[in-house]
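In listed order, ligands and their atoms are each counted from 1. Keep in mind that this is a model prediction, so the values were computed, not measured.
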Amino acid sequence: MSKKLVIKNIGLLLSGKMEQPILDGDCLIAEDGKILLWGYEKDLDTEDATTIVDAHGVTLAPGLIDSHIHPVVGDYTPRQQQLHWIDSTLHGGVTTLISAGEVHMPGRPKDIVGLKAMAIAAQRWYENFRPSGMKVLAGAPVIEHGMVEQDFKDLADAGVTLLGEVGLGTVKDGKTARQMVDWARKYGIQSTIHTGGPSIPGSGLIDADMVLETGTDIIGHINGGHTALPDDQITCLCESCTAGLEIVHNGNERAALLTLNTARELKVMDRIILGTDGPAGSGVQPLGILRMVAMLSSLGDVPAEIAFCFANGNTSRQRELDTGLIEKGYCADFVLMDQAQHAPGKDILESIQLGNLPGVGMTIIDGVVCSERSRNTPPATRLPEVLN
Ligand SMILES: [Zn+2]
């Protein structure tokens, strides 16, 4: 028997799509973990549901995506000796995490057979084990000198789909990096790059010339992680290519706003995607993606329903995922949230545009309820409820 999820009494339905961020309807139906249809309950067949969620008027959005994390294994990070950071992030409304390299693994292998083995193993251990239900797309090798085309084919054949940040390994020149990124792309592996000054002792500077010469799919932390490039190099990156413009929590907030304003002037805000870049020296950020949405919406003067697209739909499109948009056949991955108690503003969107976080009431991944009232966000005014 198929599994049918019905979510009714939705107060506001956010799509993840910049071109139409708000959808009509108060009800959404998913079957076997995929979105089937949405609209008004009176027009839909809600019979035979295996799970019914009464949203009690709260907002439903595609689950948030963190485009830039550094996982190691399970729900543990050695970077700050912290357990359950992924579970905490789920409570911040994030349902998918994307690795930019498992670089905090103690004793990380840097020889080629070793780095390939670790990337393949990391892809497997997160595919086989989802901490608290979270989707973790991991297994992102950091390129090192000596890699040849066959290495990228081997990685792709073994299921690796991502490169870790270019620049965190020994390859620090654009010419070599470009060759390896081209090989990766040939075999369907996406790429990203460390942009800006060194993040921790031992890492180095990547400037705009290197980013442009390397030509990765995503410009990783264009606002620096932590140290940003000079303003003219950031605007140059926005103007000179079509890569994703990734803004991270653990970066320079002024540079984040410069990126946003430049993208708006160029009419390329659909390239903006969000990450935390945690765990890192700054720690972990369970609410990092929500904080970025509120920061960019309030200080960057972007309607909150558009800022949410930076955190789900844009990332989905830039990274060719099957989650992050309200679209038939996409994964039934959602966050349900409401205006935080006592937050100023006439509704959830206005309260976010005033710089306040929403309260998360539930997350759903592949049609399964994974968390209920968040233990980390401010309390939501209303909470959704599982009826059966
Ligand atoms: Zn970085």
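Relative orientation of the His221 and His194 rings is perpendicular, given thresholds of 30° and 60° on the angle between their planes.
Salt bridge absent: Lys135 and Asp66 never bring a charged side-chain N and a carboxylate O closer than 4.0 Å.
Distance check: Thr192 OG1 to Leu162 CG gives 9.5 Å after rounding to the nearest 0.5 Å.
Side chain of Ser297 to backbone of Val302: a donor-acceptor contact under 3.5 angstrom is found.
Within His194, the N/O/S atom positioned nearest the Zn ion (ligand 1) carries the name ND1.
Inclusion of Glu165 in the first shell of the Zn ion (ligand 1) is supported: an N, O or S atom falls under 2.8 Å. Here His68 does not reach the Zn ion (ligand 1): none of its N/O/S atoms is less than 2.8 Å from the metal.
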